Protein chains: 2
Amino acid sequence: MKNNIKTLRKAQKFSQDELAQAAGVTRQTINAIENDKYDPSLELAFKLASILLVRVDELFLWHKENL
Amino acid sequence: MKNNIKTLRKAQKFSQDELAQAAGVTRQTINAIENDKYDPSLELAFKLASILLVRVDELFLWHKENL
DNA sequence: TAAAAATGTCAAAGTTGTTTTACTTTTTAT
DNA sequence: ATAAAAAGTAAAACAACTTTGACATTTTTA
């Protein structure tokens, strides 16, 4: 699933590591998600959205056709 | 994490099994999520929100204090 | 231009989410 | 009151997400 994490993170001048620490995960987790290696858990998705000041459905782009 | 699945599902007169099939998972998965045994994946959260015609952040109630 | 910071990547181990099968209990409808 | 449908539950196996530790590459800054 696509996401806007990298864009929003840079807009707030966070490094991957800073965002990771703010969300309570490791740098590798943020890196993997930004590079579409896998999707975060729902819990982490909410934390990231909260930190980046957007809603989950704004941070992650999900398309019905996947249904 | 709390959610409104049971309420919205009943409002649309779906059984757990019907909702499960619509979302492409098993009945047990829906049952476990409704009863707060665990949270769904982000992907499944989006599917359920889509089927139940609400946003992810309306279907699942996440509180900042968990951060 | 060299050092420092940030990012990319990988494998193994650990944790969490999902399926399958099966059985029990509760709710709905006849 | 009974049968059928729906919901609850549990263990084992499997799949997906996260951590840890390590090292390579790219970008930034002094």
Side-chain angles (χ1 to χ4, degrees):
Chain A
M1 191 186 322
K2 286 283 170 207
N3 69 71
N4 303 138
I5 296 175
K6 183 174 291 186
T7 304
L8 291 165
R9 173 177 62 77
K10 285 185 170 170
Q12 301 196 207
K13 302 214 190 294
F14 286 138
S15 67
Q16 290 182 344
D17 193 46
E18 287 169 329
L19 177 56
Q21 287 185 229
V25 295
T26 64
R27 179 179 76 74
Q28 287 86 336
T29 295
I30 298 300
N31 185 68
I33 295 167
E34 283 191 354
N35 291 295
D36 291 314
K37 298 295 169 48
Y38 51 73
D39 294 328
S41 66
L42 182 59
E43 174 81 20
L44 180 50
F46 268 105
K47 284 183 184 172
L48 293 172
S50 169
I51 294 165
L52 297 172
L53 307 173
V54 293
R55 289 196 312 267
V56 168
D57 64 284
E58 294 173 309
L59 190 53
F60 298 90
L61 294 316
W62 179 82
H63 295 292
K64 222 185 225 64
E65 52 267 25
N66 298 332
L67 229 178
Chain B
M1 192 185 322
K2 285 284 171 206
N3 69 71
N4 303 136
I5 296 175
K6 183 175 289 185
T7 304
L8 290 166
R9 173 177 62 78
K10 285 184 171 170
Q12 301 195 206
K13 302 216 190 293
F14 286 137
S15 67
Q16 290 183 343
D17 194 46
E18 287 169 330
L19 177 55
Q21 287 185 229
V25 295
T26 64
R27 179 179 76 72
Q28 286 84 339
T29 295
I30 298 301
N31 185 67
I33 295 166
E34 283 191 355
N35 291 295
D36 291 315
K37 298 294 170 47
Y38 51 73
D39 294 327
S41 66
L42 182 59
E43 174 81 19
L44 180 50
F46 268 105
K47 284 183 184 172
L48 294 172
S50 168
I51 294 165
L52 296 172
L53 306 173
V54 293
R55 289 196 311 267
V56 168
D57 63 285
E58 294 173 309
L59 190 53
F60 298 90
L61 294 315
W62 179 83
H63 295 293
K64 223 185 225 61
E65 52 268 23
N66 299 331
L67 231 180

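Chain A is the first sequence line, chain B the second, and so forth, proteins listed ahead of strands; every chain is numbered from 1. Everything numeric in this text was worked out from a predicted model, so none of it was measured.
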Please find the pair of heavy atoms, one from A:Ser50 and one from B:Lys64, that lie closest to each other, and give the distance. OG-NZ, 3.6 Å
Check nucleotides 12-14 of chain C against the protein and report each pair of N or O atoms closer than 3.5 Å, with its distance, or say if there are none.
none

Does the side chain of A:Glu18 come within less than 4.5 Å of A:Ser15's, by heavy atoms? yes
Applying salt bridge (charged side-chain N to carboxylate O under 4.0 Å, His left out), can you list everything that pairs with A:Lys2, at least two apart in sequence or on another chain? A:Asp36
Tell me, with the steps shown, if B:Ile51 and B:Phe14 meet side-chain contact (heavy atoms from CB on, under 4.5 Å). CA-CA 11 Å; B:Ile51 294 165; B:Phe14 286 137; 4.2 Å; yes
Those residues that, when tested against A:Glu58, pass side-chain contact (heavy atoms from CB on, under 4.5 Å) (two or more places apart):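 Testing A:Glu58 for side-chain contact (heavy atoms from CB on, under 4.5 Å), a comparison that skips the adjacent residues, returns A:Val54, A:Arg55.
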Please enumerate all residues that pass side-chain contact (heavy atoms from CB on, under 4.5 Å) together with A:Gln21, with sequence neighbours excluded.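 Per chain and number, A:Gln21 pairs via side-chain contact (heavy atoms from CB on, under 4.5 Å) with A:Asp17.
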Could you tell me the separation between the [atom1] atom of [X] and the [atom2] atom of [Y], rounded to the nearest 0.5 Å?
X: A:Leu59; Y: A:Met1; atom1: CG; atom2: CE; result: 10.5 Å
X: A:Leu48; Y: A:Leu8; atom1: CG; atom2: CG; result: 10.5 Å
X: A:Leu42; Y: B:Phe60; atom1: CG; atom2: CZ; result: 5.5 Å
X: B:Phe46; Y: A:Leu61; atom1: CZ; atom2: CG; result: 8.0 Å
X: A:Tyr38; Y: A:Ile33; atom1: OH; atom2: CD1; result: 6.0 Å

Donor-acceptor under 3.5 Å (A:Asn35 side chain, A:Asn31 main chain): yes
Could you run through nucleotides 13-30 of chain D and give me one letter per nucleotide, 5' to 3': B if any protein heavy atom sits under 4.0 Å from the base, S if only the sugar-phosphate is that close, - if neither? ----SBBBBB--------
Quick one: is A:Asn31 getting a side-chain N or O under 4.0 Å of the C:dT9 phosphate, OP1 or OP2? no
Which is it for B:Ile5 and B:Leu19 under the side-chain contact (heavy atoms from CB on, under 4.5 Å) test, yes or no, and what are the steps along the way? CA-CA 10 Å; B:Ile5 296 175; B:Leu19 177 55; 3.8 Å; yes
With sequence neighbours excluded, give me every side chain to side chain donor-acceptor pair (under 3.5 Å) pair touching residues 3-14 of chain B.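 Every pair satisfying side chain to side chain donor-acceptor pair (under 3.5 Å) with a residue in residues 3-14 of chain B: B:Arg9-B:Glu34.
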Sorted by chain and residue number, the side chain to side chain donor-acceptor pair (under 3.5 Å) partners of A:Ser41 (sequence neighbours excluded) come out as none
Quick one: [X] [atom1] to [N] [atom2], roughly how many Å, whole number?
X: B:Glu34; N: C:dT26; atom1: CD; atom2: P; result: 18 Å
X: B:Asp36; N: D:dG8; atom1: CG; atom2: P; result: 12 Å
X: A:Glu43; N: C:dT15; atom1: CD; atom2: C1'; result: 14 Å

Bending between helix ends of the helix from C:dT1-D:dA30 to C:dT30-D:dA1 [5 pairs per end, 10° resolution]: 60°
Write out a two-atom table: protein N or O, nucleotide N or O from nucleotides 3-5 of chain D, distance below 3.5 Å.
none

Tell me which residues in residues 3-18 of chain A lie within less than 4.0 Å of DNA chain C, going by non-hydrogen atoms.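 Contacts with DNA chain C under 4.0 Å: A:Lys6, A:Arg9, A:Ser15, A:Gln16.
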